[in-house]
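Small disclaimer: the values here were computed from a predicted structure and weren't measured.
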Amino acid sequence: MTFTFATDKEHTHFRQSPLLIAYVVIFGLFWTYTGFTSSDPKNWWLENTLTFTAIIFLVAFYKHFRFSDFSYTCIFLYLMLHVYGSQHNYALNPFGFWVQEQLDLERNHYDRLVHFGFGFFLAYPMHEVFKRVTPMRPFFTYALPVELTVSMGAFYELMEWAVADIFFPARGMAFLGTQGDIWDAQKDIAVALLGALITMSAVGFTRRKEKRL
């Protein structure tokens, strides 16, 4: 099994990619486990609406656009973070409570970790899409994932508001998980932006260094 940072055009079929098969099996088992052990099944379904959408998108476009192994790894790690958060609600996540106790924090920050992971893990797959399917200059393939992270983060916060205030007011506060922080939405977007900036800066620095060698 070879781990690649670029698309392997010889591996056009899913069954020829042991890495992806392993990711699908692990994620499928973990996803099922979180669903059956969730302390709040209704919230689990709400949280996983976008997970279902992402899986459908990846499956539907697999034959037309195959990400690199590195991108699939990033996507896998982010989805695992998100699904684990949905098991007991982000604000009640056990790992978040453990970190809160160890670092003597004022609140459970697991939701911040997932928002940071959104930018940190998904910026590179976005960069890969822009780099391969568009004729834009290299600079924009680095800048647009950062901008898209902010835009998608803001859109998600609007979706959270809609769910909380319009469609499911009874489940709204659990879904939002603001924990009393009036600036929760802004901070979520900020940490996602930070994650994307770190990833794109690291990728740009690495490639620039490789060109000098």
Taking all atoms of both residues into account, what is the closest heavy-atom pair of [X] and [Y], and its distance?
X      : Y      : answer
Ser68  : Tyr124 : OG-CE2, 4.0 Å
Met200 : Thr141 : SD-O, 4.3 Å
Gly119 : Thr149 : CA-CG2, 3.9 Å
His127 : Arg207 : NE2-NH1, 2.6 Å
Thr37  : His88  : O-CE1, 3.8 Å
Pro125 : Ile75  : CG-CG1, 4.0 Å

Short side-chain donor-acceptor distance under 3.5 Å, [Y] and [X]:
X      : Y      : value
His82  : Thr51  : yes
Tyr142 : Arg137 : no
Ser17  : Tyr72  : no

Has Gln102 got more than 12 heavy atoms of other residues, nucleotides or ligands less than 6.0 Å from its CD? yes
Calculate, to the nearest 0.5 Å, the distance between atoms [atom1] and [atom2] belonging to [X] and [Y] respectively.
X     : Y      : atom1 : atom2 : answer
Phe97 : Arg107 : CZ    : CZ    : 10.5 Å
Ile56 : Phe61  : CD1   : CZ    : 12.0 Å
Ser86 : Leu79  : OG    : CG    : 10.5 Å
Lys42 : Asp40  : NZ    : CG    : 8.5 Å
Asn48 : Thr34  : CG    : OG1   : 6.0 Å
Trp31 : Phe36  : CH2   : CZ    : 12.5 Å

Is any side-chain heavy atom of [Y] closer than 4.5 Å to one of [X]?
X      : Y      : answer
Leu144 : Met136 : yes
Arg208 : Val203 : no
Leu92  : Asn108 : no
Leu113 : Val99  : no
Phe118 : Asp188 : no
Ile189 : Lys187 : no

Under 3.5 Å: donor-acceptor pair, side chain of Thr199, backbone of Ala196: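 No, the answer is negative, given that no donor and acceptor are paired below the 3.5 Å cut-off.
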Under the side-chain contact (heavy atoms from CB on, under 4.5 Å) criterion, do Phe76 and Leu20 qualify, and how do the steps go? CA-CA 9 Å; Phe76 168 75; Leu20 288 187; over 6 Å; no
Taking it one step at a time, do Glu147 and Met126 satisfy side-chain contact (heavy atoms from CB on, under 4.5 Å)? CA-CA 11 Å; Glu147 294 183 2; Met126 287 188 275; over 6 Å; no
Residue pair Phe130, Leu148: steps toward the side-chain contact (heavy atoms from CB on, under 4.5 Å) verdict: CA-CA 11 Å; Phe130 288 126; Leu148 191 56; 4.3 Å; yes
Phe121 vs Leu81, side-chain contact (heavy atoms from CB on, under 4.5 Å): CA-CA, chis, key distance, verdict: CA-CA 10 Å; Phe121 288 121; Leu81 273 177; 3.8 Å; yes
Passes side chain to side chain donor-acceptor pair (under 3.5 Å), Ser71 versus Glu128? Steps please. CA-CA 8 Å; Ser71 282; Glu128 195 168 90; 3.3 Å; yes
Check whether the ring centres of Trp45 and Phe52 lie less than 6.0 Å apart, and answer yes or no.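 Between Phe52 and Trp45, which both carry aromatic rings, the centre distance is below 6.0 Å.
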Hydrophobic cluster membership, Phe70 vs Phe205, 4.5 Å side-chain cutoff: no
Among residues at least two apart in sequence or on other chains, which ones pass ring-ring contact (aromatic ring centres under 6.0 Å, His included) with Phe120?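 Only Phe116 meet the ring-ring contact (aromatic ring centres under 6.0 Å, His included) criterion with Phe120.
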Residues passing the ring-ring contact (aromatic ring centres under 6.0 Å, His included) test with Phe140, sequence neighbours excluded, are none
The single option from Tyr110, Phe27, Phe95 passing ring-ring contact (aromatic ring centres under 6.0 Å, His included) against Tyr84: Tyr110
